[in-house]
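These numbers come from the heavy atoms of this one structure, side chains and all, not from hydrogens, waters or symmetry mates. It should be emphasised that the depicted structure is a prediction, and the values quoted were computed from it without experimental measurement. Below, read A as the first sequence line, B as the second, and so on, with proteins coming before strands; counting in each chain starts at 1.
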Amino acid sequence: MNNVVICEANEINLKSTLDGGQAFRWHGKEDSYRGVIEDKVYIIFREENLINAKCINSKIDSAELLKIKRYLGIDFNLDNFKKKYKKNEYIYKLIKQNQGLRILKQDPWESIVSFITSSVSNISKIKKNINELCILNGKKIGDGEYDYIFPNDVEIIQIGEIELRKIGFGFRAPYLIDAAMKSLDNKINMNSKNDKYDDKLSELTNIKGVGRKVADCIMTYGYGRRDSFPVDRWVRKGLIDNLGYNPALSNDKLSELAQKKFKNDSAYVQQYIFYGEKTS
DNA sequence: ACTCAGGGTCGAC
DNA sequence: GTCGACCCTGAG
(Lines give C-alpha, C1' and ligand atoms only; values in the text may rest on other atoms or scores of the structure.)
Protein backbone atom coordinates (compact mmCIF):
# COMPACT_ATOMS: atom_id res chain seq x y z
CA MET A 1 0.00 0.00 0.00
CA ASN A 2 2.11 2.87 -1.29
CA ASN A 3 1.37 6.47 -0.50
CA VAL A 4 1.27 8.94 -3.35
CA VAL A 5 1.13 12.71 -3.06
CA ILE A 6 -1.88 14.30 -4.74
CA CYS A 7 -1.24 17.98 -4.11
CA GLU A 8 -0.59 20.55 -1.42
CA ALA A 9 -3.08 20.71 1.42
CA ASN A 10 -4.35 24.19 0.54
CA GLU A 11 -5.36 23.02 -2.94
CA ILE A 12 -8.34 21.00 -1.73
CA ASN A 13 -10.55 20.82 1.34
CA LEU A 14 -11.39 17.16 1.82
CA LYS A 15 -14.34 17.59 4.14
CA SER A 16 -16.34 20.07 2.05
CA THR A 17 -15.41 18.36 -1.23
CA LEU A 18 -15.84 14.68 -0.40
CA ASP A 19 -18.56 14.94 2.23
CA GLY A 20 -20.44 18.11 1.37
CA GLY A 21 -23.34 16.76 -0.64
CA GLN A 22 -21.93 16.01 -4.10
CA ALA A 23 -20.76 12.46 -3.37
CA PHE A 24 -22.31 10.07 -0.87
CA ARG A 25 -19.81 7.28 -0.44
CA TRP A 26 -16.88 8.90 1.37
CA HIS A 27 -16.57 8.09 5.05
CA GLY A 28 -14.27 9.69 7.54
CA LYS A 29 -13.77 13.07 9.10
CA GLU A 30 -11.88 16.30 8.63
CA ASP A 31 -8.57 15.20 7.11
CA SER A 32 -9.07 11.55 6.20
CA TYR A 33 -11.69 9.85 4.03
CA ARG A 34 -12.14 6.33 2.73
CA GLY A 35 -14.20 5.54 -0.35
CA VAL A 36 -14.49 3.76 -3.67
CA ILE A 37 -13.57 5.07 -7.11
CA GLU A 38 -14.59 2.62 -9.83
CA ASP A 39 -13.45 -0.77 -8.50
CA LYS A 40 -10.91 0.19 -5.88
CA VAL A 41 -10.89 1.43 -2.30
CA TYR A 42 -8.89 4.57 -1.59
CA ILE A 43 -7.95 6.46 1.51
CA ILE A 44 -7.37 10.14 0.87
CA PHE A 45 -5.82 12.04 3.72
CA ARG A 46 -3.85 15.09 4.75
CA GLU A 47 -0.44 14.74 6.32
CA GLU A 48 1.37 17.95 7.27
CA ASN A 49 0.76 20.20 4.30
CA LEU A 50 0.26 17.49 1.69
CA ILE A 51 -2.77 15.56 0.48
CA ASN A 52 -1.95 11.88 0.00
CA ALA A 53 -3.76 8.84 -1.33
CA LYS A 54 -3.34 5.14 -0.82
CA CYS A 55 -5.22 2.23 -2.32
CA ILE A 56 -5.97 -0.94 -0.38
CA ASN A 57 -6.33 -3.09 -3.50
CA SER A 58 -3.17 -2.39 -5.44
CA LYS A 59 -0.17 -0.16 -5.89
CA ILE A 60 -0.92 3.30 -7.27
CA ASP A 61 1.03 3.89 -10.47
CA SER A 62 1.24 7.13 -12.43
CA ALA A 63 -1.86 6.38 -14.51
CA GLU A 64 -3.88 5.76 -11.40
CA LEU A 65 -2.57 8.91 -9.77
CA LEU A 66 -3.93 10.83 -12.76
CA LYS A 67 -7.27 9.07 -12.32
CA ILE A 68 -7.46 10.17 -8.69
CA LYS A 69 -6.50 13.75 -9.53
CA ARG A 70 -9.11 13.86 -12.23
CA TYR A 71 -11.75 12.54 -9.84
CA LEU A 72 -10.83 15.19 -7.28
CA GLY A 73 -10.97 17.97 -9.87
CA ILE A 74 -7.46 19.17 -9.06
CA ASP A 75 -7.05 20.62 -12.56
CA PHE A 76 -9.57 23.42 -11.93
CA ASN A 77 -7.78 26.69 -11.16
CA LEU A 78 -9.36 27.95 -7.95
CA ASP A 79 -7.05 30.98 -7.73
CA ASN A 80 -8.23 32.35 -11.05
CA PHE A 81 -11.82 31.64 -10.09
CA LYS A 82 -11.37 33.50 -6.81
CA LYS A 83 -9.75 36.52 -8.47
CA LYS A 84 -12.51 36.72 -11.02
CA TYR A 85 -15.14 37.22 -8.31
CA LYS A 86 -13.24 39.69 -6.19
CA LYS A 87 -15.81 42.38 -6.93
CA ASN A 88 -18.82 40.27 -6.03
CA GLU A 89 -18.95 40.70 -2.27
CA TYR A 90 -21.21 37.71 -1.59
CA ILE A 91 -19.52 35.17 -3.85
CA TYR A 92 -16.03 36.31 -2.89
CA LYS A 93 -16.86 35.89 0.78
CA LEU A 94 -18.10 32.34 0.17
CA ILE A 95 -14.97 31.42 -1.80
CA LYS A 96 -12.73 32.76 0.97
CA GLN A 97 -14.74 31.03 3.71
CA ASN A 98 -14.55 27.66 1.99
CA GLN A 99 -11.07 27.62 0.47
CA GLY A 100 -10.35 24.39 -1.36
CA LEU A 101 -13.91 23.31 -2.04
CA ARG A 102 -13.80 21.56 -5.41
CA ILE A 103 -16.24 19.83 -7.73
CA LEU A 104 -15.62 16.10 -8.13
CA LYS A 105 -15.76 14.30 -11.46
CA GLN A 106 -17.80 11.23 -10.63
CA ASP A 107 -19.06 8.33 -12.68
CA PRO A 108 -22.14 9.43 -14.70
CA TRP A 109 -24.19 6.36 -13.80
CA GLU A 110 -23.43 6.67 -10.09
CA SER A 111 -24.42 10.36 -10.29
CA ILE A 112 -27.72 9.52 -11.97
CA VAL A 113 -28.62 7.04 -9.24
CA SER A 114 -27.35 9.30 -6.45
CA PHE A 115 -29.25 12.40 -7.50
CA ILE A 116 -32.50 10.63 -8.26
CA THR A 117 -32.12 9.39 -4.69
CA SER A 118 -31.50 12.92 -3.42
CA SER A 119 -35.00 14.18 -4.22
CA VAL A 120 -36.74 15.57 -1.07
CA SER A 121 -34.16 13.78 1.03
CA ASN A 122 -31.18 14.88 3.09
CA ILE A 123 -27.50 14.09 2.91
CA SER A 124 -27.43 11.56 5.73
CA LYS A 125 -30.39 9.67 4.31
CA ILE A 126 -28.98 9.73 0.77
CA LYS A 127 -25.72 8.28 2.10
CA LYS A 128 -27.65 5.60 3.96
CA ASN A 129 -29.69 4.63 0.88
CA ILE A 130 -26.72 4.58 -1.47
CA ASN A 131 -24.53 2.57 0.88
CA GLU A 132 -27.23 0.01 1.59
CA LEU A 133 -27.73 -0.32 -2.16
CA CYS A 134 -24.04 -1.11 -2.63
CA ILE A 135 -24.06 -3.57 0.27
CA LEU A 136 -27.18 -5.29 -1.05
CA ASN A 137 -25.49 -5.68 -4.43
CA GLY A 138 -22.69 -7.43 -2.61
CA LYS A 139 -19.55 -6.77 -4.66
CA LYS A 140 -17.14 -6.45 -1.79
CA ILE A 141 -13.62 -5.26 -2.56
CA GLY A 142 -12.14 -4.61 0.87
CA ASP A 143 -12.34 -5.30 4.56
CA GLY A 144 -14.16 -2.06 5.37
CA GLU A 145 -17.83 -1.59 6.10
CA TYR A 146 -18.39 0.40 2.90
CA ASP A 147 -15.92 -1.25 0.52
CA TYR A 148 -18.30 -2.19 -2.29
CA ILE A 149 -18.45 -1.57 -6.02
CA PHE A 150 -21.42 0.52 -7.13
CA PRO A 151 -24.15 -1.54 -8.86
CA ASN A 152 -24.52 -1.10 -12.61
CA ASP A 153 -27.81 -0.85 -14.55
CA VAL A 154 -28.34 -4.59 -14.93
CA GLU A 155 -27.68 -5.18 -11.26
CA ILE A 156 -30.21 -2.54 -10.22
CA ILE A 157 -32.84 -4.12 -12.46
CA GLN A 158 -32.04 -7.50 -10.89
CA ILE A 159 -32.43 -6.05 -7.41
CA GLY A 160 -35.84 -4.72 -8.47
CA GLU A 161 -38.30 -2.12 -7.22
CA ILE A 162 -39.58 -4.19 -4.28
CA GLU A 163 -36.14 -4.66 -2.76
CA LEU A 164 -35.24 -1.02 -3.39
CA ARG A 165 -38.34 -0.01 -1.45
CA LYS A 166 -37.39 -2.41 1.32
CA ILE A 167 -34.10 -0.61 1.86
CA GLY A 168 -35.81 2.76 2.00
CA PHE A 169 -35.76 4.34 -1.46
CA GLY A 170 -39.51 4.94 -1.28
CA PHE A 171 -41.12 6.59 -4.31
CA ARG A 172 -37.68 6.86 -5.95
CA ALA A 173 -37.47 3.08 -6.43
CA PRO A 174 -39.38 2.92 -9.75
CA TYR A 175 -37.38 5.94 -10.99
CA LEU A 176 -34.13 4.02 -10.48
CA ILE A 177 -35.53 1.08 -12.41
CA ASP A 178 -36.54 3.42 -15.25
CA ALA A 179 -33.04 4.93 -15.31
CA ALA A 180 -31.48 1.47 -15.39
CA MET A 181 -33.75 0.38 -18.26
CA LYS A 182 -32.87 3.49 -20.27
CA SER A 183 -29.18 2.98 -19.58
CA LEU A 184 -29.43 -0.62 -20.72
CA ASP A 185 -31.26 0.50 -23.89
CA ASN A 186 -28.45 2.95 -24.62
CA LYS A 187 -30.82 5.89 -24.21
CA ILE A 188 -28.28 7.68 -22.03
CA ASN A 189 -24.87 8.58 -23.41
CA MET A 190 -22.39 8.09 -20.55
CA ASN A 191 -19.44 9.62 -22.39
CA SER A 192 -20.89 12.77 -23.90
CA LYS A 193 -18.54 15.71 -23.63
CA ASN A 194 -19.55 18.30 -26.17
CA ASP A 195 -23.31 17.98 -26.26
CA LYS A 196 -25.33 21.15 -26.28
CA TYR A 197 -26.68 21.88 -22.81
CA ASP A 198 -30.31 21.70 -23.91
CA ASP A 199 -29.77 18.35 -25.62
CA LYS A 200 -28.19 16.82 -22.54
CA LEU A 201 -30.91 18.32 -20.36
CA SER A 202 -33.69 16.71 -22.37
CA GLU A 203 -31.83 13.39 -22.57
CA LEU A 204 -31.60 13.30 -18.78
CA THR A 205 -35.05 14.68 -17.96
CA ASN A 206 -36.46 11.86 -20.09
CA ILE A 207 -35.62 9.62 -17.15
CA LYS A 208 -38.46 9.42 -14.63
CA GLY A 209 -37.63 11.23 -11.43
CA VAL A 210 -35.18 13.55 -13.19
CA GLY A 211 -36.26 17.17 -13.48
CA ARG A 212 -34.05 20.15 -14.20
CA LYS A 213 -32.47 20.26 -10.75
CA VAL A 214 -31.45 16.61 -10.67
CA ALA A 215 -30.31 16.79 -14.31
CA ASP A 216 -28.13 19.81 -13.49
CA CYS A 217 -26.53 17.89 -10.61
CA ILE A 218 -25.84 14.92 -12.86
CA MET A 219 -24.28 17.19 -15.50
CA THR A 220 -22.19 18.98 -12.88
CA TYR A 221 -20.90 16.05 -10.85
CA GLY A 222 -21.15 13.16 -13.32
CA TYR A 223 -20.34 14.72 -16.68
CA GLY A 224 -17.95 17.43 -15.52
CA ARG A 225 -19.97 20.24 -17.07
CA ARG A 226 -19.34 23.76 -15.83
CA ASP A 227 -22.31 25.45 -17.53
CA SER A 228 -25.00 23.81 -15.40
CA PHE A 229 -26.44 25.62 -12.38
CA PRO A 230 -28.42 23.31 -10.06
CA VAL A 231 -30.96 25.27 -7.99
CA ASP A 232 -32.25 23.60 -4.85
CA ARG A 233 -33.79 25.27 -1.79
CA TRP A 234 -30.39 26.43 -0.46
CA VAL A 235 -29.12 27.87 -3.72
CA ARG A 236 -32.53 29.48 -4.24
CA LYS A 237 -32.15 31.19 -0.86
CA GLY A 238 -28.68 32.42 -1.75
CA LEU A 239 -29.75 33.81 -5.12
CA ILE A 240 -32.76 35.62 -3.67
CA ASP A 241 -31.36 36.85 -0.34
CA ASN A 242 -27.90 37.81 -1.53
CA LEU A 243 -27.81 38.27 -5.29
CA GLY A 244 -31.10 40.10 -5.77
CA TYR A 245 -33.02 37.51 -7.75
CA ASN A 246 -36.82 37.75 -7.82
CA PRO A 247 -38.43 35.48 -5.20
CA ALA A 248 -41.47 34.99 -7.45
CA LEU A 249 -39.40 32.98 -9.94
CA SER A 250 -39.40 29.20 -10.03
CA ASN A 251 -36.22 27.24 -9.38
CA ASP A 252 -36.08 26.24 -13.05
CA LYS A 253 -36.26 29.89 -14.11
CA LEU A 254 -33.64 30.91 -11.53
CA SER A 255 -31.35 28.19 -12.85
CA GLU A 256 -31.80 29.44 -16.40
CA LEU A 257 -31.08 33.06 -15.44
CA ALA A 258 -28.07 32.22 -13.27
CA GLN A 259 -26.68 30.01 -16.02
CA LYS A 260 -26.96 32.90 -18.46
CA LYS A 261 -25.11 35.20 -16.09
CA PHE A 262 -22.34 32.90 -14.85
CA LYS A 263 -21.83 30.89 -18.05
CA ASN A 264 -18.95 28.46 -17.59
CA ASP A 265 -18.53 29.40 -13.94
CA SER A 266 -22.10 28.28 -13.18
CA ALA A 267 -21.27 24.96 -11.54
CA TYR A 268 -18.61 26.41 -9.26
CA VAL A 269 -20.57 29.51 -8.29
CA GLN A 270 -23.50 27.23 -7.44
CA GLN A 271 -21.27 24.90 -5.41
CA TYR A 272 -19.99 27.72 -3.21
CA ILE A 273 -23.49 29.13 -2.73
CA PHE A 274 -24.87 25.69 -1.87
CA TYR A 275 -22.16 24.86 0.62
CA GLY A 276 -22.12 28.34 2.12
CA GLU A 277 -25.88 28.59 2.60
CA LYS A 278 -26.20 25.05 3.92
CA THR A 279 -23.49 25.47 6.54
CA SER A 280 -24.40 28.97 7.72
C1' DA B 1 -46.81 10.26 20.13
C1' DC B 2 -46.90 13.90 16.84
C1' DT B 3 -45.23 17.23 13.60
C1' DC B 4 -41.87 18.81 10.43
C1' DA B 5 -38.71 19.07 6.66
C1' DG B 6 -34.95 17.27 3.90
C1' DG B 7 -29.84 19.02 -2.68
C1' DG B 8 -37.87 17.56 -6.24
C1' DT B 9 -40.74 15.44 -9.57
C1' DC B 10 -45.04 13.65 -11.46
C1' DG B 11 -49.57 13.88 -13.22
C1' DA B 12 -53.90 16.26 -13.40
C1' DC B 13 -56.26 20.48 -13.83
C1' DG C 1 -48.12 27.62 -13.85
C1' DT C 2 -50.13 25.62 -9.75
C1' DC C 3 -51.19 21.93 -6.50
C1' DG C 4 -51.48 17.61 -3.87
C1' DA C 5 -49.23 13.20 -3.61
C1' DC C 6 -45.22 10.62 -3.08
C1' DC C 7 -41.72 7.17 0.81
C1' DC C 8 -38.81 7.43 4.58
C1' DT C 9 -36.16 9.04 8.53
C1' DG C 10 -34.06 11.77 12.19
C1' DA C 11 -34.78 15.97 14.93
C1' DG C 12 -37.46 18.67 17.99
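Distance from the side chain of A:K125 is smallest to C:dT9 among C:dT9, B:dG7, B:dC10. Nearest nucleotide to the side chain of A:K128, out of C:dC7, C:dG10, B:dG7: C:dG10.
Taking the side chain as every heavy atom from C-beta outward, A:K67 and A:Y42 approach each other to under 4.5 Å. Here the side chains of A:F229 and A:L239 are in contact, with some heavy-atom distance below 4.5 Å. Looking only at side-chain heavy atoms (C-beta outward), A:S183 and A:M190 come within less than 4.5 Å of each other.
Whole-Å rounding puts the A:L249 CG to C:dG1 P distance at 11 Å. B:dG7 atom C1' lies 14 Å from atom CD1 of A:I103, rounded to whole Å. Whole-Å rounding puts the A:F115 CZ to B:dT9 C1' distance at 16 Å. Between the CG atom of A:L254 and the P atom of B:dG7 there is a distance of 18 Å, given to the nearest Å. For the pair A:F229 CZ and B:dG7 C1', the interatomic distance rounds to 13 Å; values are reported in whole Å. We find that CZ of A:R212 is positioned 16 Å from C1' of C:dG1, with the value rounded to whole Å. For the pair A:N122 CG and C:dC8 P, the interatomic distance rounds to 15 Å; values are reported in whole Å.
Among the atoms of the strands shown, none is found under 4.0 Å from any heavy atom of A:V231. Heavy atoms of A:G21 sit under 4.0 angstrom from at least one base atom.
Screening A:M219, A:K200, A:R212 for a side chain to side chain contact (heavy atoms under 4.5 Å, CB included) involving A:S228 leaves a single residue, A:M219. For the salt bridge (charged side-chain N to carboxylate O under 4.0 Å, His left out) test with A:E64, the passing option among A:K54, A:R70, A:K40 is A:K40; the others fail.
For a distance-only test at 3.5 Å, the side chain of A:R172 qualifies as a donor-acceptor partner of the base of C:dC7. Put simply, the side chain of A:S119 and the base of B:dG8 share a donor and an acceptor less than 3.5 Å apart.
Classification of the A:Y85-A:F262 ring pair by plane angle, with boundaries at 30° and 60°, yields tilted.
Within residues 213-228 of chain A, the residues approaching DNA chain B are A:K213, A:V214, A:Y221, by heavy-atom distance under 4.0 Å. Heavy-atom distances under 4.0 Å link DNA chain B to A:Q270, A:Q271, A:F274 of residues 255-280 of chain A, given in residue order.
Pair assignment for C:dA11 gives B:dT3, based on Watson-Crick or G-U wobble hydrogen-bonding distances that are each under 3.5 Å.
The environment of NZ in A:K140 is crowded: more than 12 heavy-atom neighbours from other residues, nucleotides or ligands sit within 6.0 Å.
Put simply, the side chain of A:T17 gets close to the backbone of A:N13: a donor and an acceptor are under 3.5 Å apart.
Nearest-nucleotide mapping onto DNA chain B: of A:T205 and A:D232, the residue sitting toward the 5' end is A:D232.
For an aromatic pair to be called close, the ring centres must be under 6.0 Å apart, and A:Y221 with A:F115 satisfies this.
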